[in-house]
Amino acid sequence: QVQLVESGGGLVQAGGSLRLSCAASTRTFGNYNVGWFRQPPGKEREFVASIGRSGGSTSYADSVKGRFTISRDNAKNAVYLQMNSLKFEDTAEYFCAADLNYRLAMSAGEYDYWGRGTQVTVSS
C-alpha cells in the first residue's frame, strides 16, 4: 500500500498559475506510474495527466496540453502538476493516483491508490 496526499490547491484568478503536489508514503515511489485526475462540480472524474516511473513518459488530456506540466522527483517521493494559464473550466477537485503497471495508464480504473483530493477554484 502507498498513501498519497495532495496539496497546493486553492483559489486563483483566470490566467494565473498553481502547482499541485502529490506526496507519497513509500520510499519506492519510483516504481509507480502516477496520474492526475479531476472532478468538476456535478461532473464525472476525468483524466488530466500521467507520468511514467522515471518521468521519461508523459500523457496529457487535450484540454490541458500546452498549459499543464506533470513532473516527478522520486528522491522526494513526490509528483507535481504545474498548472498555467488557468481557466474557469479547470475548477475541480484534483486527485493524484498511482499504480504499479509497467505501461503508462490514462484510465482511472487502472490506478490502485488514490489521494483524497485538493480543491482548485478558478475565478473569472
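Just so you know, these numbers come straight off a predicted model, no measurement behind them. Along the sequence shown, residues carry numbers from 1.
- Among residue pairs with one or both ends in residues 81-94, those qualifying as salt bridge (charged side-chain N to carboxylate O under 4.0 Å, His left out) are Arg38-Asp90, Arg67-Asp90; sequence neighbours excluded.
- Contacts of Tyr32 classified as side chain to side chain donor-acceptor pair (under 3.5 Å), with partners at least two apart in sequence or in another chain: none.
- Residue pairs meeting the disulfide (SG to SG under 2.5 Å) criterion with at least one partner in residues 57-90, sequence neighbours excluded, do not occur; the list is empty.
- Remark: Lys65 pairs with Asp62 by the salt bridge (charged side-chain N to carboxylate O under 4.0 Å, His left out) rule, at least two apart or across chains.
- Looking at residues two or more places apart in sequence or on another chain, you find a salt bridge (charged side-chain N to carboxylate O under 4.0 Å, His left out) between Arg103 and Glu110.
- Between the side chain of Thr58 and the backbone N or O of Ile51 there is no donor-acceptor pair closer than 3.5 Å.
- Partners of Asn74 by side chain to side chain donor-acceptor pair (under 3.5 Å), not counting sequence neighbours, listed by chain and number: Arg72.
- Scored by the salt bridge (charged side-chain N to carboxylate O under 4.0 Å, His left out) test, Asp99 finds no partners at all (sequence neighbours excluded).
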Side-chain polar contacts of residues 6-20 - donor-acceptor pairs under 3.5 angstrom, sequence neighbours left out - could you list them?
unit_1	atom_1	unit_2	atom_2	d
Glu6	OE1	Arg116	N	3.1
Glu6	OE1	Gly117	N	2.8
Glu6	OE2	Cys96	N	2.9
Glu6	OE2	Gly117	N	3.2
Ser17	OG	Asn84	OD1	2.9

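- Residues satisfying the side chain to side chain donor-acceptor pair (under 3.5 Å) criterion with Arg53, sequence neighbours excluded, are absent altogether.
- Under a 4.5 Å side-chain heavy-atom cut-off, the cluster of Ile, Leu, Val, Met, Phe, Trp and Tyr residues that includes Phe88 has no other member.
- Legend: residues meeting side chain to side chain donor-acceptor pair (under 3.5 Å) with Thr26, ordered by chain and number and at least two apart, are Thr28.
- Cluster partners of Trp114 are Phe37, Phe47, Phe95, Met106, Tyr111, counting Ile, Leu, Val, Met, Phe, Trp and Tyr whose side-chain heavy atoms approach within less than 4.5 Å, directly or via other members.
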